[in-house]
**Q** 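Sharing a structure below in structure tokens format, with a few things to ask.
Side-chain atoms are counted along with the backbone in the values below, which use heavy atoms only and exclude waters and symmetry mates. Labels below follow one simple rule: chain letters A, B, ... track the order of the sequence lines, proteins then strands, and each chain is numbered from 1.
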Amino acid sequence: MDFHYIEDIVKLEGERTTIKGWLQNKSSKGKIQFLWIRDGTGIIQGVMVKGEVSDEVFELYDQLTQESSLEVTGIVRKDQRAPGGYELNLSDVKIVQIAQDYPITPKSHGSTFLFDHRHLYLRSKRPRAVLKVRDELIWAIRSYFYKNNFVLIDTPILTGAVGETTTTLFETEYLNEGTAYLAQTGQLYLEAAIASFGKVFCFGPTFRAEKSKTRRHLTEFWMVEAEEAFYDNEENMDLQEDLVVYFVDWILEKCQKELKELERDISALEKVQKPFPRISYDEAVEKLQKAGSDIQWGSDFGGTDETILTKMFERPVFVYDYPKVCRAFYMKPHPEREGVVLCADLLAPEGYGEIIGGSQRNDDYESLKKRIEEENLPKDAYRWYLDLRKYGSVPHSGFGLGVERTVVWICGLSHIRESIPFPRTIYRLYP
RNA sequence: UGGGGUGUAGCAGAGAGGCAAUGCAUCCGGUCGUUAACCGGGAGAUCGGAGGUUCGAAUCCUCCCGCCCCAGCCA
């Protein structure tokens with residue numbers, strides 16, 4: 001290659017090198033001019049002093065605009081005054097393309113404007129930091145499952161009428177087979193795969209056509225789901241706890257720079273250590289009522305309830321054993337309590353709320369069949385799922401973790417749209 | 001789908017019946033070390049749209065449109 005990356009600049013001190021990238025900003029002091037160049041791996045300051053470069057190159061400065069693409073050549077110099085400690089003493093500047101009126105200026109903008117220009121906004125510092133954390137989070141999760149002998153099972157995105165309940169699904173014509181739905185979970189397919197591999201996971205986009213207009217919802221989001229044969233609800237929680245501690249450690253190790261850029265309180269993340277508190281749904285309701293919530297036993301927590309509850313803890317907290325009425329049909333009934341199912345949600349602390357939903361699955365043919373009938377689900381579509389309870393059914397559990405909500409928590413964001421490169425929300429399909 | 005709010009120059013943002021501030025971006029000039037630089041000057045707005053009240057409307061009223069926030073649903 002005839003150029004170097006900014007991340008390698010330290011090794012090149014004293015050498016002449018070429019950097020290719022984009023002009024983040026520039027500044028002129030008359031006889032000395034600065035260019036800040038970004039190449040994807042970092043940012044470096046280029047310096048041109050009148051008399052030390054040819055007049056021809058020095059005057060190119062006037063043509064350069066924010067986000068113009070360029071190739072610059074110069075000698076790498078250590079200098080206290082440079083951001084990052086190193087700068088490039090320029091001898092040559094080649095313009096690749098001049099950007100015309102880049103819309104995102106280095107001043108404040110509203111969120112509507114920024115997300116209308118998401119294709120350009122991706123270049124800004126804050127989105128870069130968030131998306132880097134997202135990337136590391138995904139690597140961490142995959143690494144965890146790989147190390148723990150989970151097998152990746154890619155579940156279908158186009159599905160028939162199977163899913164969790166009757167939440168609104170995106171529909172599309174499917175050749176001669178009628179209507180297909182975009183997947184809202186891969187779980188049922190993972191349950192099929194455990195009899196083959198024991199421990200499996202899937203990682204993909206999921207879709208919900210709910211017209212939610214909150215800071216916690218996207219219509220397209222990424223979910224990692226795991227399913228484990230012979231795990232009960234307790235063991236399922238142990239696994240989730242282990243996974244969360246693993247990826248938080250990973251991010252703390254690899255993303256210091258990004259978390260600092262986002263002004264995240266790192267000490268709050270450092271408190272994410274085992275064991276996580278585990279409270280029953282009954283206890284949670286009691287705590288909430290004492291805190292002034294008007295929640296009644298039998299209903300699910302609202303966003304406000306989750307916020308109140310998680311602010312009571314410094315670590316993520318499990319809430320287990322919810323009423324059957326507010327959970328999905330496939331969860332295993334509690335052996336000793338009528339109307340309660342074996343499940344647990346993991347709520348992130350500091351008010352962030354639910355990031356994982358998990359449960360022990362109903363492994364009994366008759367009782368599951370009855371639940372499917374009770375929920376008025378299309379029986380034919382679930383025939384194969386019921387089959388799994390006929391041929392070597394075993395106790396098993398699993399969970400789903402929302403990638404974006406986890407990114408929101410780790411980065412300390414206030415809106416989920418920042419946690420994904422191109423958010424799809426109720427009113428946004430572009431860019 | 002409800003409840004609340006908002007819309008003024010490319011962007012951000014004052015003005016709340018009487019000549020539409022200001023900052024950034026842009027254009028011109030200046031400045032030998034900047035970190036969202038600074039100093040001086042110029043240009044840029046039929047105030048979201050359509051009606052109405054008024055001598056006079058960005059400002060008050062009605063309807064429409066866009067967006068934001070909150071709730072529900074959930075990851």
**Q** Taking B:G10 as the reference, what is the distance to B:G33 when you measure between their C1' atoms (whole Å, please)?
**A** 31 Å
**Q** Take atom NE2 of A:H109 and atom P of B:G7, then tell me their distance rounded to the nearest Å.
**A** 19 Å
**Q** So, OP1 or OP2 of B:C74: does either fall under 4.0 Å of a side-chain N or O from A:R327?
**A** no
**Q** Look at the side-chain N and O atoms of A:H415 and state whether any lies under 4.0 Å from the OP1 or OP2 oxygen of B:C69.
**A** yes
**Q** Regarding A:E52, tell me which of base, sugar-phosphate or nothing describes its non-hydrogen contacts under 4.0 Å with the strands shown.
**A** nothing
**Q** Could you give the distance separating B:C61 and B:U54 at their C1' atoms, to the nearest angstrom?
**A** 12 Å
**Q** On the side chain of A:Q80, is there an atom forming a donor-acceptor pair with the base of B:G33 - under 3.5 Å, no angle test?
**A** no
**Q** Quick one: is A:R215 getting a side-chain N or O under 4.0 Å of the B:C70 phosphate, OP1 or OP2?
**A** yes
**Q** Provide the distance between the two C1' atoms, one in B:C55 and one in B:C63, to the nearest whole Å.
**A** 26 Å
**Q** Can you tell me the distance, in whole Å, between the NZ atom of A:K213 and the P atom of B:G2?
**A** 9 Å
**Q** Rounded to whole Å, please give me the gap between CZ in A:F58 and P in B:G33.
**A** 12 Å
**Q** Once you round it to whole Å, what is the distance between C1' of B:U26 and CG of A:D101?
**A** 7 Å
**Q** Which value, in whole Å, describes the distance between the C1' atoms of nucleotides B:A45 and B:G13?
**A** 14 Å
**Q** Please report the distance separating the P of B:G48 from the corresponding atom of B:U6, rounded so that it comes out in whole Å.
**A** 13 Å
**Q** Stacking between B:G33 and A:F34, yes or no? Criterion: centroid separation under 5.5 angstrom, plane angle under 30 degrees.
**A** no
**Q** Answer with yes or no whether the side chains of A:E136 and A:W250 bring together a donor and an acceptor at under 3.5 Å.
**A** yes
**Q** Check this one for me: any side-chain N or O of A:T304 less than 4.0 Å away from OP1 or OP2 of B:A71?
**A** yes
